[in-house]
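All values below come from the heavy atoms of this structure, side chains included, with hydrogens, waters and symmetry mates left out. So that the names make sense, note that chain A is the first sequence line, chain B the second, and so on, each numbered from 1.
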Protein chains: 2
Amino acid sequence: MTTIDASPLRGAERPGPRRQEVGAKIKEYILRNRLKPGDILPTEAELCEAVGASRSSVREAVKILSALDIVEVRHGHGTFVGRMSLAALVEGLTFRGLLSGEEDHHVLGQVVDVRQTLEQGLAAQVIAVLDSEHQAALSALADEMESLAAQGMDFLDVDRTFHVKLLEPLGNDLILQLTEAFWQVQAIVAPTLRTQQEDRLITAQRHRAIVHAVAAGNVEGLQAAIAEHYAPIRASIARVVQA
Amino acid sequence: MTTIDASPLRGAERPGPRRQEVGAKIKEYILRNRLKPGDILPTEAELCEAVGASRSSVREAVKILSALDIVEVRHGHGTFVGRMSLAALVEGLTFRGLLSGEEDHHVLGQVVDVRQTLEQGLAAQVIAVLDSEHQAALSALADEMESLAAQGMDFLDVDRTFHVKLLEPLGNDLILQLTEAFWQVQAIVAPTLRTQQEDRLITAQRHRAIVHAVAAGNVEGLQAAIAEHYAPIRASIARVVQA
DNA sequence: CGCCATTTGTGCGTATGTATT
DNA sequence: AAATACATACGCACAAATGGC
């Protein structure tokens, strides 16, 4: 028999809502079988039989797990173990930011705080583990940003790549994903405060200052450069609060 | 008519899965009506009619939103705007940690890295804004921890409160919630590496060192104290990796 | 207290869209 | 091109929980 049981659960218990129970069992199944991202899971019908629940309950449970990127559903193909990204964090924080952004942008300000804290706090380690290869890559990205800014174009993708590359040598996946997540939140929420084009030019130049500080191996200089890099967005937020 | 439309969507489009479309409309509804956490939403039946979808689709959409804590469903009562906590981050990261913890605990190690980076990076601000009231509270918590540790009892709740109180004066909700989220992940995942009782005693004492550094207004001393505070858990992780 | 209306939770049948073979 | 396997969507009926009367 292939019954999936998270816990022995004797006869008449009330383990909460059905979908929660089913979700727990699916997670148990993944753990017990040592499944990795991309591995396929049983079909809905099989899951129904295994956990003893109806399709509705199984579907709702799977949808919750897919929202957390613990599983990934591909229409007409099957259900697979997800890549466990921080997409849920992005969506949740983005919505909070949009909701708060109707008046002030205090959530956006907090996101900027966290980004700056993380990057400044990691400044010493970044300099310690930096190799010439990454340094060259960062420099090239700064060039590209300045070029795009000069043409009045936005450089969102380049900016995102820059901040990821900056922390990549640390070898900490979680920090990288958090960085990208907060970047995405800012990128989605920030446009509600229409930043001037001047700010973009300044921001581009501030990335070069970061590269210089990294190359010089100056920890305090890097921290200062990071702080100045976030100054324009902070000013934009403050501007809205006053108005 | 009370039709909820996120976008004009002309006749025959393919706006992706039904539940996604419905979820977007529900979020739109919350935004447009400036609803706050705790406010009630239309019933499932009303949502069905408003968005023109079946109850199954609406339910799946609502379940996804509830997983992100954007809405909160109370059986027999109704659906409400959620408190938008970071519960989804906790659940996702916890599962990742448990999955990786089957062999090494690299996810747990990354969580510790982030916690330490945040607290060290905020050390200067913490000292700057600290008042005597919070300082007394932290000292009392350190006392309690040492007392509990001496009796061989665990002090999880006290530890959690300590780290929250430490960063509370900063007035940044997001940082506070992230701190609590990562703390929860560590509290759930760490028990899979059975930490010795000695470590608990040491950890309790290290909290007192943090209090002293804060009181002394010594930024670098505080950062060092924070680093040493995380040393035992790091050692436990390293121990498992070797074995 | 019990009763009852409201609302969400669960189960099931069926038809449709999608991808692989 | 056809067949197969699978997820998607809809609709209905009933169960369970909550709150007010």
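The main-chain N or O of B/Ala53 is never found under 3.5 Å from a side-chain atom of B/Ser57 such that the two would form a donor-acceptor pair.
Taken residue by residue, residues 73-81 of chain B places heavy atoms nearer than 4.0 Å to DNA chain C at B/Val73, B/Arg74, B/His75, B/Gly76, B/His77, B/Gly78, B/Thr79. Within residues 63-72 of chain A, the residues approached by DNA chain D to less than 4.0 Å at the level of any non-hydrogen atom are A/Lys63, in residue-number order. Within residues 55-62 of chain B, the residues having any heavy atom closer than 4.0 Å to DNA chain C are, in order of number, B/Arg55, B/Arg59.
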Using a 3.5 Å cut-off and no angle test, enumerate the donor-acceptor pairs between side-chain atoms of residues 84-94 of chain B and protein atoms at least two apart in sequence or in another chain.
{"unit_1": "B/Ser85", "atom_1": "OG", "unit_2": "B/Asp69", "atom_2": "OD2", "d": "2.6"}
{"unit_1": "B/Ser85", "atom_1": "OG", "unit_2": "B/Ala87", "atom_2": "N", "d": "3.3"}
{"unit_1": "B/Glu91", "atom_1": "OE2", "unit_2": "A/Lys27", "atom_2": "NZ", "d": "3.2"}
{"unit_1": "B/Thr94", "atom_1": "OG1", "unit_2": "B/Val90", "atom_2": "O", "d": "2.6"}

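Between the CZ atom of A/Arg18 and the P atom of C/dC12 there is a distance of 10 Å, rounded to whole Å. Across the protein-nucleic acid pair, A/Arg19 atom CZ and D/dA16 atom P stand 16 Å apart, rounded to whole Å. Atom pair B/Ile26:CD1 and C/dT8:C1' shows a separation of 14 Å (rounding to whole Å applied). One can place CD of A/Glu21 at 12 Å from C1' of C/dT10, the figure rounded to the nearest angstrom. Here the C1' atom of nucleotide D/dC6 and the CG atom of A/Leu41 are 14 Å apart, to the nearest Å. Look at CD on A/Glu44: it is 11 Å from C1' on D/dA9, rounded to the nearest Å.
Under the side-chain contact (heavy atoms from CB on, under 4.5 Å) criterion, A/Asn33 pairs with A/Tyr29, A/Leu35, sequence neighbours left out. Considering only residues two or more places apart in sequence or on other chains, B/Phe162 meets the ring pair (Phe, Tyr, Trp, His ring centres under 6.0 Å) condition with B/His207. Considering only residues two or more places apart in sequence or on other chains, B/Arg19 meets the side-chain contact (heavy atoms from CB on, under 4.5 Å) condition with A/Lys63, B/Pro17, B/Glu60, B/Ala61, B/Ile64. A search for side-chain contact (heavy atoms from CB on, under 4.5 Å) contacts involving B/Ser147 returns B/Gln151, not counting sequence neighbours. Every side-chain contact (heavy atoms from CB on, under 4.5 Å) that B/Ile40 has, sequence neighbours left out, goes to B/Phe80.
Projected onto DNA chain C by closest heavy-atom contact, B/Thr43 and A/Gly52 fall at different nucleotides, the more 5' of which corresponds to B/Thr43.
Applying the salt bridge (charged side-chain N to carboxylate O under 4.0 Å, His left out) rule to pairs touching residues 73-87 of chain A yields nothing, sequence neighbours excluded. Applying the salt bridge (charged side-chain N to carboxylate O under 4.0 Å, His left out) test to residues at least two apart or on different chains, the pairs with a partner in residues 160-177 of chain B are B/Arg160-B/Glu180, B/Lys165-B/Glu168. Within the structure, every pair that satisfies the side-chain hydrogen bond (donor to acceptor under 3.5 Å, both in side chains) test and touches residues 105-116 of chain B, not counting sequence neighbours, is listed here: A/Asn172-B/Asp113, B/Asp104-B/His106, B/His105-B/Thr192, B/Asp113-B/Arg234, B/Arg115-B/Gln186, B/Arg115-B/Tyr230, B/Gln116-B/Arg234.
Minimum interatomic distance between B/Leu122 and B/Ile175 (heavy atoms only, all atoms of both residues): CD1-CG2, 3.7 Å.
D/dA1 is unpaired under the criterion used here, namely a Watson-Crick or G-U wobble arrangement in which both key atom distances are under 3.5 Å.
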